[in-house]
Enquirer: 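Could you have a look at this structure, given as structure tokens, before my questions?
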Amino acid sequence: MTGFASLGSGSRGNGTLVEIGGELVLVDCGFTLKQAERRLQRLDVRPGDLSAILVTHEHSDHSSGVAALAHKYALPVFASYGTLKVCSQALTGTAFDSHGAFAIGGVVVRPVIVPHDAREPTQFVFEHNRVRIGVVSDLGQVTPFVTAQFSDCAGLMMESNYDRNMLMGGRYPESIKRRIAGNLGHLSNEQAAAFLGDIGHPELRVVVGHVSEQNNHPELLQEWFEPLRAKVRMLDFATQDEGASWVQIDDAGNSRGLFSEYVSQTAR
Ligand SMILES: [Zn+2]
Ligand SMILES: [Zn+2]
């Protein structure tokens, strides 16, 4: 199977499963051990079957549960040098160069450096047989590099954190508002929708998550993302409590790479 799923997504904990090339990778774990086990079970995954846990950055909603899960099930952990350095002492793992790809089995993992207020935050693109699945959250702005890296994905888990008017008119202290809306904070609905508008294509299956419970609303998400539904193959939203169930990517025949090839061949 090739696909992805969410254990839960939001400021109280994140975890994304990516299954590709015979590997089953968990990106981040911001849940207690018991919660992580329960959420994995809900997605029909035995923790011992995970190939590895990858950590995007040290913020607790992404890293707090990694050490306990990795330790109990003897799972390898990968994170950037900066992330590993500032994560708690209990977390041991293998550091990767965030400027270069590395392999987990036959899967190519491409770290993508993002602008976020952490030591060395990276998001990921997983690639096997020209099928690409991307995970991108916790970024204050979409850089041209980010757009380039996540274009051509067959599956994408992406953030749409806050509604600008709700955040600015809300009760958060000014300093927190500036942090969230800043270039090293999170993506607004507007920024996220523009990003998806840029990279969306008819074979893309996308799940939108890391939605703020204080500064966003399902109706506002609908408003921003409904117009984009026609541009992609599938669009869904992940929640904090339920996450998102498995999104299956078809065999390579329906991947974007081969789709483009087909289009260019038939155009000739
Ligand atoms: Zn986060
Ligand atoms: Zn963060």
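Everything quoted here is computed from the prediction, not taken from an experiment. Just so you know, ligand 1 is whichever comes first in the structure, and atom 1 is the first atom listed for that ligand.
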Enquirer: By atom name, which N, O or S atom belonging to H59 lies closest to the Zn ion (ligand 2)?
Expert: ND1
Enquirer: Report yes or no: does H62 have an N/O/S atom closer than 2.8 Å to the Zn ion (ligand 2)?
Expert: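 No, outside the cut-off.
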Enquirer: Report yes or no: do V136 and I133 belong to one cluster of Ile/Leu/Val/Met/Phe/Trp/Tyr joined by side chain heavy-atom distances under 4.5 Å?
Expert: no
Enquirer: Using a distance threshold of 2.8 Å, state whether an N, O or S atom of D138 lies below it from the Zn ion (ligand 2).
Expert: yes
Enquirer: Do L24 and L69 sit in the same hydrophobic cluster, where Ile, Leu, Val, Met, Phe, Trp and Tyr count as joined when their side-chain heavy atoms come under 4.5 Å apart?
Expert: yes
Enquirer: Among R179, H186, H57, find the one that has a side chain to side chain donor-acceptor pair (under 3.5 Å) with D117.
Expert: R179
Enquirer: Specify which N/O/S atom of D61 comes nearest to the Zn ion (ligand 1), by atom name.
Expert: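 Sorting the N, O and S atoms of D61 by distance to the Zn ion (ligand 1) puts OD2 first.
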Enquirer: Would V66 and L40 show up in the same hydrophobic cluster when neighbours are defined by side-chain heavy atoms closer than 4.5 Å?
Expert: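 Yes, because V66 and L40 connect within a single hydrophobic cluster, where side-chain heavy atoms sit under 4.5 Å apart.
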Enquirer: For residues E159 and S137, is any side-chain donor paired with an opposing acceptor at under 3.5 Å?
Expert: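 Side chains of E159 and S137: no pair found under 3.5 Å.
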Enquirer: Measure from the Zn ion (ligand 2) to every N/O/S atom of H57 and report the name of the nearest one.
Expert: NE2
Enquirer: For the Zn ion (ligand 2), find the closest N/O/S atom belonging to H116 and write down its atom name.
Expert: NE2
Enquirer: Just wondering, is there an N, O or S atom on H186 that's nearer than 2.8 Å to the Zn ion (ligand 2)?
Expert: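 Coordinating: no.
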Enquirer: Between F96 and Y81 (judged by ring centroids, cut-off 6.0 Å), do the two rings come close enough to count as a pair?
Expert: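 No - the distance between ring centres of F96 and Y81 does not fall below the 6.0 Å cut-off.
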